[in-house]
Amino acid sequence: MNFNCKENIKMAPYCSMKVGGCAKYLALPKTEEELISALKYFREKGEKYIVVGNCSNLIFTDDGYDGAVIATTDMKGISFENGIITALCGDTLSSLARTALDNSLTGLEFCYGIPGTVGGAVFMNAGAYGGEISEHFIRGRFLNASNEIVTLNGNELEFGYRTSRLMREELILISAEFKAERGEKEAIRATMDELMQKRKSKQPLEFPSCGSAFKRPEGYFAGALIEQCGLKGYSIGGARVSEKHAGFIINGGGATATDVINLLSHVSETVFKNTGVVLEPEIRVIL
Ligand SMILES: Cc1cc2nc3c(=O)[nH]c(=O)nc-3n(C[C@H](O)[C@H](O)[C@H](O)COP(=O)(O)OP(=O)(O)OC[C@H]3O[C@@H](n4cnc5c(N)ncnc54)[C@H](O)[C@@H]3O)c2cc1C
């Protein structure tokens with residue numbers, strides 16, 4: 001084994017919701033080569049595995065994960081050349097935004113403050129304030145299920161609202177190239193600061209969470225529907241619908257993964273009963 005791998009590791013500290021049981025293995029590759037050998041190793045062993053970034057959009061259950069969690073957070077290496085930003089899957093979205101700023105490129109300001117990695121963002125097609133990662137994604141290098149490295153362009157990734165081909169097919173992002181427009185540095189910095197201020201004033205950043213708990217249903221806002229149903233502040237165990245932003249489920253202290261899962265179900269059932277609108281969770285529960 002040529003990569004850092006720990007056994008029987010509690011996942012809660014690694015997850016932004018701060019819940020979840022133990023993983024049988026936690027692998028932390030530092031390079032592309034180590035990521036590929038970790039994937040090949042666990043595939044050959046017949047071990048269940050999942051590749052994660054910052055775990056800012058997922059929770060593991062209280063029973064934990066009976067397999068290998070391969071986290072890319074130690075894989076860093078962002079660069080800018082010939083108008084293109086190239087990032088490794090473990091680079092953060094904030095560093096993507098900062099690299100764009102350093103090189104006077106505009107369009108990626110929305111990434112600033114989303115607490116995920118490039119890999120998680122491409123998988124989820126992360127977005128905010130009118131921007132989406134798919135609009136800037138040129139191409140990526142992926143390891144497919146046959147252990148081959150394939151290069152895919154943005155138009156081959158079937159991007160949609162918080163969805164991509166990566167959700168339907170085994171494609172592990174290794175690195176990606178992004179484009180952005182020439183801009184004026186001070187204006188880019190001002191937009192980033194403004195968006196960060198918006199996050200701080202509107203989102204319950206003082207509590208652990210996974211961001212928006214539900215996808216935006218067409219024609220509605222999840223937070224407004226949840227509030228309309230009187231669920232603001234509603235809690236199950238330590239999991240609570242945020243009083244600051246009803247679209248967020250927070251760990252108000254001592255929550256278990258079961259509390260979060262039960263609250264997700266309760267909220268979507270109540271909203272459906274009262275409004276007829278189906279809320280689909282954005283948080284991924286890993287079994
Ligand atoms: C406070 C807060 C605010 C947030 N605000 C936003 C927001 O404004 N907009 C938004 O879209 N999201 C937001 N999120 C959610 C989250 O940050 C994003 O979805 C982010 O893109 C997830 O990245 P991650 O690295 O944490 O992915 P993870 O949560 O680790 O993983 C998410 C999924 O991606 C897969 N994945 C991860 N890496 C790879 C890879 N290299 N190859 C293939 N698959 C991979 C995982 O298997 C998993 O299914 C917020 C979360 C928090 C806590």
Side-chain angles (χ1 to χ4, degrees), residues 11 14-20 26-27 29 32 35-36 38-39 48-60 65 67-75 87-97 109-134 137 140-145 150 152 157 159-176 195-196 198-200 202-216 242 244-245 247-251 260 281-287:
M11 287 311 296
Y14 291 90
C15 297
S16 69
M17 187 65 93
K18 303 294 173 216
V19 298
L26 174 64
E32 168 176 339
L35 171 65
I36 293 170
L39 279 159
K48 181 166 105 162
Y49 64 87
I50 180 168
V51 175
V52 300
N54 264 345
C55 299
S56 64
N57 203 53
L58 59 80
I59 60 171
F60 293 94
Y65 187 76
V69 176
I70 304 172
T72 64
T73 39
D74 288 347
M75 291 178 65
L88 276 179
C89 55
D91 280 303
T92 62
L93 288 182
S94 287
S95 66
L96 186 61
E109 294 91 331
F110 76 91
C111 288
Y112 193 53
I114 302 181
T117 63
V118 163
V122 172
F123 182 99
M124 295 298 301
N125 188 17
Y129 304 114
E132 266 186 359
I133 207 73
S134 57
F137 181 92
R141 293 169 60 251
F142 299 83
L143 195 76
N144 69 14
V150 292
L152 296 170
L157 288 192
F159 283 122
Y161 170 64
R162 300 293 173 273
T163 178
S164 74
R165 183 170 158 191
L166 278 64
M167 290 188 182
R168 298 176 281 279
E169 194 180 323
E170 176 77 5
L171 286 168
I172 305 302
L173 183 75
I174 299 168
S175 63
L195 296 184
M196 185 57 92
K198 266 194 191 164
R199 280 183 186 275
K200 286 185 179 157
K202 299 236 156 49
Q203 301 180 358
L205 301 183
E206 57 283 18
F207 289 100
S209 81
C210 281
S212 298
F214 299 95
K215 294 186 182 184
R216 195 180 57 237
S242 163
K244 194 167 174 184
H245 186 319
F248 277 55
I249 285 181
I250 57 168
N251 180 347
V260 175
E282 185 168 321
I283 302 178
R284 301 178 69 80
V285 179
I286 308 301
L287 300 171

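Computation of the quantities below employed the complete heavy-atom set of this structure, encompassing side-chain atoms and omitting hydrogens, waters and symmetry-equivalent molecules. What you see is a predicted model; the values in this text were computed from it and never measured. Atoms within a ligand are numbered from 1 in the order they appear, just like the ligands themselves.
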(Q) Which residue and atom name correspond to the protein heavy atom nearest atom 33 (C) of ligand 1, and how close is it? (A) Phe123 CD2, 3.5 Å
**Q.** Protein heavy-atom partner closest to atom 27 (O) of ligand 1 - residue, atom, separation in Å
**A.** Gly120 CA, 3.5 Å
Q. Take atom NZ in Lys48; do more than 12 heavy atoms of anything else shown fall under 6.0 Å from it?
A. yes
Q.
Only heavy atoms of Ile172, strictly under 4.0 Å: list the atoms of ligand 1 that pass.
A. 42 (N), 43 (C)
**Q.** Any donor-acceptor N/O pair, Asn57 side chain to Ile283 backbone, under 3.5 Å
**A.** no
Q | Phe142 and Phe137 aromatic ring geometry - parallel, tilted or perpendicular at 30°/60° bounds | A | tilted
Q: Answer with yes or no whether Met167 contacts ligand 1, where contact means a heavy atom under 4.0 Å from a ligand atom.
A: no
Q) Who gets closest to atom 51 (C) of ligand 1 by heavy atom: Gly113, Gly90, Gly53, Cys210? A) Cys210
(Q) On a heavy-atom basis, I'd like to know which of Ile70, Val52, Leu58 is closest to atom 32 (C) of ligand 1. (A) Leu58
Q | Closest candidate by heavy atom, reference atom 24 (P) of ligand 1, pool Asn57, Asn54, Ile174 | A | Asn54
Q: Heavy-atom contacts with Ile114 under 4.0 Å: which atoms of ligand 1 show up? List them by number with element.
A: 6 (C), 7 (C), 8 (O), 9 (N), 12 (N), 13 (C), 17 (O)
(Q) Between ligand 1 and Ser209, is the shortest N or O to N or O distance under 3.5 Å? (A) no
Q) For ligand 1, does Ser16 get within less than 4.0 Å through its side chain, its backbone, both, or neither, judged by non-hydrogen atoms? A) side chain
Q.
Let me confirm one number: the CD-CG distance from Glu109 to Leu96, rounded to the nearest 0.5 Å.
A. 11.0 Å
Q) Short N/O distance, under 3.5 Å, between Gly127 and ligand 1? A) yes
**Q.** Element-labelled atoms of ligand 1 that are located less than 4.0 Å from some non-hydrogen atom of Ala126
**A.** 11 (O), 21 (O)
Q.
Give me the residue, atom name and distance of the protein heavy atom closest to atom 23 (O) of ligand 1.
A. Gly116 CA, 3.3 Å
Q) At what distance is the nearest protein heavy atom to atom 49 (O) of ligand 1, and which residue and atom is it? A) Arg284 NE, 3.1 Å
Q: Run the ring-centre check on Tyr129 versus Phe110 and record whether the distance is less than 6.0 Å.
A: no
Q: For atom 22 (C) of ligand 1, find the nearest protein heavy atom and state the residue, atom name and distance (0.1 Å precision).
A: Ser56 OG, 3.5 Å
Q. Of the backbone atoms (N, CA, C, O) and the side-chain heavy atoms from C-beta on, which set of Ala71 has a member under 4.0 Å from an atom of ligand 1: side chain, backbone, both, or neither?
A. neither
Q. Which atom pair, heavy atoms only, marks the closest approach of Gly53 to Ala71?
A. O-CB, 4.4 Å
Q: Please identify each residue that fulfils salt bridge (Lys or Arg N to Asp or Glu O under 4.0 Å) with Lys198, with sequence neighbours left out.
A: none
(Q) If the condition is side-chain contact (heavy atoms from CB on, under 4.5 Å), which residues does Ser209 pass it with, not counting sequence neighbours? (A) Phe248, Ile250
Q.
With heavy-atom distances below 4.0 Å as the criterion, list the atoms of ligand 1 near Pro115.
A. 2 (C), 3 (C), 4 (C), 17 (O), 50 (C), 51 (C), 52 (C), 53 (C)
Q: Find all atoms of ligand 1 within a distance of less than 4.0 Å from any non-hydrogen atom belonging to Thr117, and give their numbers and elements.
A: 23 (O), 24 (P), 25 (O)
Q | Polar atom proximity, Gln203 to ligand 1 (N or O, under 3.5 Å) | A | no
Q) Any nitrogen or oxygen of Val51, main chain or side chain, under 3.5 Å from a nitrogen or oxygen of ligand 1? A) yes
Q.
Looking at Glu32 and Arg141, is there a salt bridge between them, counting it only when a charged N and a carboxylate O are closer than 4.0 Å?
A. yes
**Q.** Distance from atom 41 (N) of ligand 1 to nearest protein heavy atom, with residue and atom
**A.** Leu173 O, 3.1 Å
(Q) Just to check, does Leu171 reach to within less than 4.0 Å of ligand 1 when the distance is taken from its heavy atoms? (A) yes
**Q.** Enumerated ligand 1 atoms positioned under 4.0 Å from heavy atoms of Leu205
**A.** 1 (C)
Q.
Give the atom numbers and elements of ligand 1 that come within less than 4.0 Å of a heavy atom of Cys89.
A. 41 (N)
Q: State the atoms of ligand 1, each with its element, that fall below the 4.0 Å cut-off from a heavy-atom position in Ala128.
A: 8 (O)
Q.
Do Ser94 and Ile114 make a side-chain contact, defined as non-hydrogen atoms from C-beta onward lying under 4.5 Å apart?
A. no
Q) Hey, does Cys55 come in under 3.5 Å of ligand 1, counting only N/O atoms on both sides? A) yes
Q) Is Arg199 in contact with ligand 1, taking contact as a heavy-atom separation below 4.0 Å? A) yes
